[in-house]
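Accompanying notes for the structure given below.
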There are 2 protein chains.
Amino acid sequence: MLTIGKLSDAAGVKVPTIRYYEEIGLLPEAERSAGNQRLYGQKAQERLTFIRHARELGFPLDAIRDLLSLSDRPDQSCAAADAIASAQLAAVEARIARLVALKAELERMLVQCAGGVIADCRVIEVLGDHAKCHADHAHAGHLIEVAG
Amino acid sequence: MLTIGKLSDAAGVKVPTIRYYEEIGLLPEAERSAGNQRLYGQKAQERLTFIRHARELGFPLDAIRDLLSLSDRPDQSCAAADAIASAQLAAVEARIARLVALKAELERMLVQCAGGVIADCRVIEVLGDHAKCHADHAHAGHLIEVAG
DNA sequence: CCTTGCACCTCTAGTTACTAGAGAGATTAC
DNA sequence: GTAATCTCTCTAGTAACTAGAGGTGCAAGG
């Protein structure tokens, strides 16, 4: 039985994050020692490692919740797991496309900036008047989702 | 003078978002009508448009705050604006690199999934045991920042 | 046996950039 | 005049944690 700190080291997930996962029901409530400290066995460690890997692949916690409940029923078809992973792939591809467009525009802005004075700065100018950029994504309707 | 709804349409930023920008000091406090409704002039519209374009390029609000204060001093060197845009470009490039790696791994997972039963599903398997993937990014230390 | 010090406990609040909703007042259109 | 639409403030919620306060458990050294 591992304490939360050992589990944290073993799975590569920070201690408060583990408690958070328990709070939102991604991990079952841990057993407790006589002194009320959490204790974890092999299963919890595997589950947590699964979660970490899925997070590294960018799956949102809700998708991970679904994947976990799928993995609890090994005799079912894996079509559902496939669908979740495909959706994630599509989301990643969409984000890449978006970011590549942003990159191009940022580069254009920077190349055009003569390094002079604010009044002549293309960076500021382009931001102030989008007509001055090539914006194929102009007036997209909603703002960016490239957070991070 | 525009009411908040007209400004919203003109600048392509939602009404609650405009109020939010005022609250956090990105926009100055608006003038008010006799009935306490916000009124905006040309300057506010330009400033808001600037903010929207910068957001579309993925700049975080803090960076935008800096860019706005730069644009208020048109006689200064534009090195600072350049630096902010360069940092943004670097951030975008880093995110692209990260996402491309994720995409490759997701594709590998999906290709290997025979479409059978959970017990044999590569998706679940790879997530449960990362040794089974090619992970050059394994044990990156911190979890993903690809939110969205 | 006692103390030092680290690990653990709970709880609250903060992060980013908004979005949603309640309940009430202002304006505009007919 | 009244109905519809806008606007107002305020609170709370989103994703996925992170940080901090204030208090307890436990193992090892002296």
Side-chain angles (χ1 to χ4, degrees), chain A residues 1-27 29-40 44 48 51-66 68 88 91 95 140-148, chain B residues 1-27 29-40 44 48 51-66 68 88 91 95 140-148:
Chain A
M1 286 301 206
L2 304 173
T3 58
I4 199 168
K6 308 293 178 191
L7 176 67
S8 168
D9 293 345
V13 175
K14 290 188 196 143
V15 167
T17 304
I18 298 173
R19 287 196 277 250
Y20 170 70
Y21 286 165
E22 178 180 317
E23 191 187 316
I24 63 169
L26 265 193
L27 292 175
E29 291 196 14
E31 290 176 56
R32 299 297 182 117
S33 72
N36 196 35
Q37 303 197 347
R38 290 174 181 80
L39 294 176
Y40 298 92
L48 186 53
I51 296 171
R52 178 168 72 89
H53 291 154
R55 288 295 297 132
E56 281 174 351
L57 290 172
F59 288 90
L61 292 184
D62 271 359
I64 295 173
R65 202 186 300 272
D66 292 345
L68 280 167
Q88 176 60 13
R95 275 186 240 136
H142 54 72
L143 294 183
I144 223 70
E145 20 33 45
V146 282
Chain B
M1 286 302 208
L2 304 173
T3 59
I4 198 168
K6 307 292 177 192
L7 177 66
S8 168
D9 293 345
V13 175
K14 289 186 196 145
V15 168
T17 303
I18 297 173
R19 287 197 277 251
Y20 169 72
Y21 287 165
E22 178 179 317
E23 190 187 317
I24 63 169
L26 264 192
L27 292 174
E29 291 195 14
E31 290 177 56
R32 299 297 183 118
S33 72
N36 196 36
Q37 303 198 346
R38 290 174 180 80
L39 294 176
Y40 298 92
L48 185 53
I51 296 171
R52 177 170 72 88
H53 291 155
R55 288 295 298 132
E56 280 174 354
L57 290 172
F59 288 90
L61 293 183
D62 270 1
I64 295 173
R65 202 186 298 272
D66 291 346
L68 281 166
Q88 176 60 13
R95 273 185 239 135
H142 54 72
L143 293 182
I144 225 68
E145 19 34 44
V146 283

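Just so you know, these numbers come straight off a predicted model, no measurement behind them. All values below come from the heavy atoms of this structure, side chains included, with hydrogens, waters and symmetry mates left out. Here is how names work: the chains are called A, B, and so on, in the same order as the sequence lines, proteins then strands, and each is numbered from 1.
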Write down the protein N/O and nucleotide N/O pairs, taken from nucleotides 6-10 of chain D, whose separation is under 3.5 Å; answer none if there are no such pairs.
residue : atom : partner : partner atom : Å
D/dT7   : OP1  : B/Thr3  : OG1          : 3.0
D/dT7   : OP1  : B/Gly5  : N            : 2.8
D/dC8   : OP1  : B/Arg38 : N            : 2.7
D/dC8   : OP1  : B/Arg38 : NH1          : 3.0
D/dC8   : OP2  : B/Arg19 : NH1          : 2.2
D/dC8   : OP2  : B/Arg38 : NH1          : 3.4
D/dC8   : O3'  : B/Arg32 : NH1          : 3.4
D/dT9   : OP1  : B/Arg32 : NH1          : 3.3
D/dT9   : OP1  : B/Arg32 : NH2          : 3.1
D/dT9   : OP2  : B/Arg38 : NH1          : 2.9
D/dT9   : OP2  : B/Arg38 : NH2          : 2.8

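Under a 3.5 Å cut-off, the side chain of A/Arg55 and the backbone N or O of A/Leu61 do not form any donor-acceptor pair. Put simply, the side chain of A/Gln88 gets close to the backbone of A/Leu57: a donor and an acceptor are under 3.5 Å apart.
Listed nucleotides D/dC17, D/dT18, C/dC18 differ in distance to A/Lys14; the shortest reach to its side chain belongs to D/dT18.
Taking atom CD1 on A/Ile18 and atom P on D/dC17, their separation rounds to 12 Å, with Å as the unit. One can place CG of A/Asp62 at 17 Å from P of D/dG13, the figure rounded to the nearest angstrom. Rounding to whole angstrom units, CD of residue B/Glu22 and C1' of C/dA17 are separated by 17 Å. Computed from coordinates, the B/Met1 CE to C/dT27 P distance equals 15 Å when rounded to whole Å. A/Glu23 has its CD atom 13 Å from the C1' atom of D/dT18, to the nearest Å. Per the geometry, CD1 belonging to A/Ile24 stands 16 Å off P belonging to D/dG13, to the nearest Å.
Residues B/Arg65 and B/Ile24 approach most closely at NH1-O, 2.9 Å, considering heavy atoms. The minimum heavy-atom distance linking A/Phe59 with A/Ile64 is given by the pair O-CD1, 3.6 Å.
Axis deviation across the helix from C/dC1-D/dG30 to C/dC30-D/dG1 amounts to 10°, comparing end segments of five pairs, rounded to 10 degrees.
Within the 4.5 Å cutoff, side-chain heavy atoms of A/Ile51 are placed close to those of A/Leu68. Between A/Ile18 and A/Tyr40, some side-chain heavy-atom pair lies under the 4.5 Å cut-off.
In terms of position on DNA chain C, the residue among B/Phe59 and B/Ala34 whose nearest nucleotide sits closer to the 5' end is B/Phe59.
Put simply, B/Thr17 has no side-chain N or O that comes within less than 4.0 Å of OP1 or OP2 on C/dA17. Of the side-chain N and O atoms in A/Tyr20, none sit less than 4.0 angstrom from OP1 or OP2 of D/dA15.
Between B/Arg38 and B/Glu29, no side-chain nitrogen of the basic residue sits less than 4.0 Å from a carboxylate oxygen of the acidic one, so the salt-bridge criterion is not met. Electrostatic pairing of B/Arg19 and B/Glu23 does not count as a salt bridge here, judged by no charged N lying under 4.0 Å from a carboxylate O.
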